[in-house]
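The next block holds one structure in the form of structure tokens; read it before the comments.
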Amino acid sequence: MAESMSALVERANEVIIGNYGRLPVVMERGEGAWVWDSAGTRYLDLFAGFGGAILGHCHPALVAAVQKQSGRLWHVGNTFHTLPQIELAERLNQHAFKGQAFFCHSGAEANEAAVKLARLRGMADGGKRWKTVSLHKSFHGRTLAMIAATGNPKVRDGFGPVVPGFVNVDPLDFSAIKAAADDETACIIMEPIQGEGGVNLFPGDHVQQIRHLCDEKGISLIFDEVWTGCGRTGKWFGHQYFTDSAGQVIEPDIMTLGKAIGGGLPVGVMYAKPQIAKLMVPGKHGCTLGGNPICASAAATVLDVIQQENLTDNATTLGEKAMTRLREEKRISQKVAQVRGHGLFLGIELRQPPRQIVERAMEKGVIINLTAQKVIRLAPPINISSDELDKGLELVIQTIAEVEPA
Ligand SMILES: Cc1ncc(COP(=O)(O)O)c(C=O)c1O
């Protein structure tokens, strides 16, 4: 007889560090937008593993890419080139600005690499620019430097002294950003949409001001696209929503990727304009398994599937439909303060923090997330069907309607 879920959870609690506050559920398999636990219960996954499973679970093209590459070459040192890395970087050039890539395993590592590169640039011309300006409510990862960059003091609790050189300011107050960006500032880092902070969008003219400030002062602008990259928002990359008065996309100097780019495998990318990227000469940075052929070929396939299946459009169409439905739904109108987002990156801000809403949604068979105390986050696979999303939204609406305040 199969081992019960509670027995498995007990085994897990004995041997796995408890840093995640996990639900007592053991997930066993997945297909498309669905996952099954080890007791056979099926859930509609409207959060895709914090956005990583952007094409859902076990997409046949990803399974085939991993199978093919795993029979060919797993790993060689980054003292050699491999075709999957070249193809992945070429795809990024196709869908973003012209740039060069460094590969690692996670969003935090990609951001670390970005800040290191910005510091190299800040010192390259004999300057002394080494500091990073970041924004309140931001999230950039869990390494020692990235908890300093993250604009949420809770993540630093217990880990002091904090790495110096990071200044957090009000995200929407341009004069505060300008005042913080002094002659020692190497970079400004921001998410095109703040994810953990509550799916917070930025006005385009604000971003344009930040871009101008960076240009004036030789500061590198880093867009942390770990959440917003790879079609999630309905554009290839979230920053492509920002345009200047001539309609040109406002580009960063450096973009970082994680989560979705690997389709669920560990891939992080630091992607920079060539004139800055060239400062990363041998010996300055590295990652032993970064860009390993299996992960890189999966990542290139993720981008190919997004293109072939026109999934940016799917995210836009379904996201708009979902937002309209959630805004018009009478059963929850008293409880919802605002519905916002782009594409299939949606935030439903409640008026009150809800009690155990994630657990209540699971009981109904749908996986959601709660962030910033009262913002329900939905980030389903971007190839989810309209029917599946409708079904999931109905369960989300029922959950919101029933849930008590915390
Ligand atoms: C915007 C952003 N940047 C960076 C990270 C860190 O990514 P990882 O957990 O892969 O290190 C996250 C994780 O949630 C994120 O949301």
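Any value given below was found using the heavy atoms of this structure, including those in side chains, with hydrogens, waters and symmetry copies removed. When a ligand or atom number is given, it counts from 1 through the structure's own listing order.
The side-chain tip of Lys131 does not point at the ring of Phe166 from less than 6.0 angstrom away and within 45° of straight on.
The residues Arg211 and Asp215 are annotated as salt-bridged, a charged nitrogen and a carboxylate oxygen being separated by less than 4.0 angstrom.
Counting the atoms of ligand 1 from 1 in the order shown, those under 4.0 Å from a heavy atom of Asp224 are 1 (C), 2 (C), 3 (N), 4 (C). The distance from ligand 1 to the heavy atoms of Glu196 drops below 4.0 Å at these ligand atoms: 14 (O), 16 (O). Counting the atoms of ligand 1 from 1 in the order shown, those under 4.0 Å from a heavy atom of Glu191 are 1 (C). Near Ser106, meaning under 4.0 Å from any of its heavy atoms, are these atoms of ligand 1: 10 (O), 11 (O).
Using a 4.0 Å cutoff on heavy atoms, Trp227 counts as a contact of ligand 1. Residue contact check for ligand 1: Glu109 places no non-hydrogen atom closer than 4.0 Å to it.
Residue contacts with ligand 1 for His140 involve N, CA, C or O but no side-chain atom from C-beta outward (heavy atoms, distance under 4.0 Å). Heavy atoms of Asn111 found under 4.0 angstrom from ligand 1 belong exclusively to the side chain.
Ring to ring, Phe223 and Phe237 are not that close: their centroids are 6.0 angstrom or more apart. Here the two rings, on Trp227 and Phe47, have centers that are under 6.0 Å apart.
Side-chain N/O atoms of Asn78 and Gln85 include a donor and acceptor closer than 3.5 Å. A side-chain N or O of Asp182 and one of Thr185 form a donor-acceptor pair less than 3.5 Å apart. For the 3.5 Å distance criterion, the side chains of Glu225 and His239 qualify, holding a donor opposite an acceptor.
Protein heavy atom closest to atom 14 (O) of ligand 1, with residue, atom name and distance, is Lys259 NZ, 2.9 Å. Protein heavy atom at the shortest distance from atom 8 (P) of ligand 1 is Gly107 N, 3.5 Å. Nearest non-hydrogen protein atom to atom 15 (C) of ligand 1 is Phe139 CD2, 3.6 Å.
For ligand 1, the polar-atom distance check against Ala108 finds a nitrogen or oxygen pair separated by under 3.5 Å.
Crowding of Gln334 atom CD: a count of heavy atoms from other residues, nucleotides or ligands under 6.0 Å not exceeding 12.
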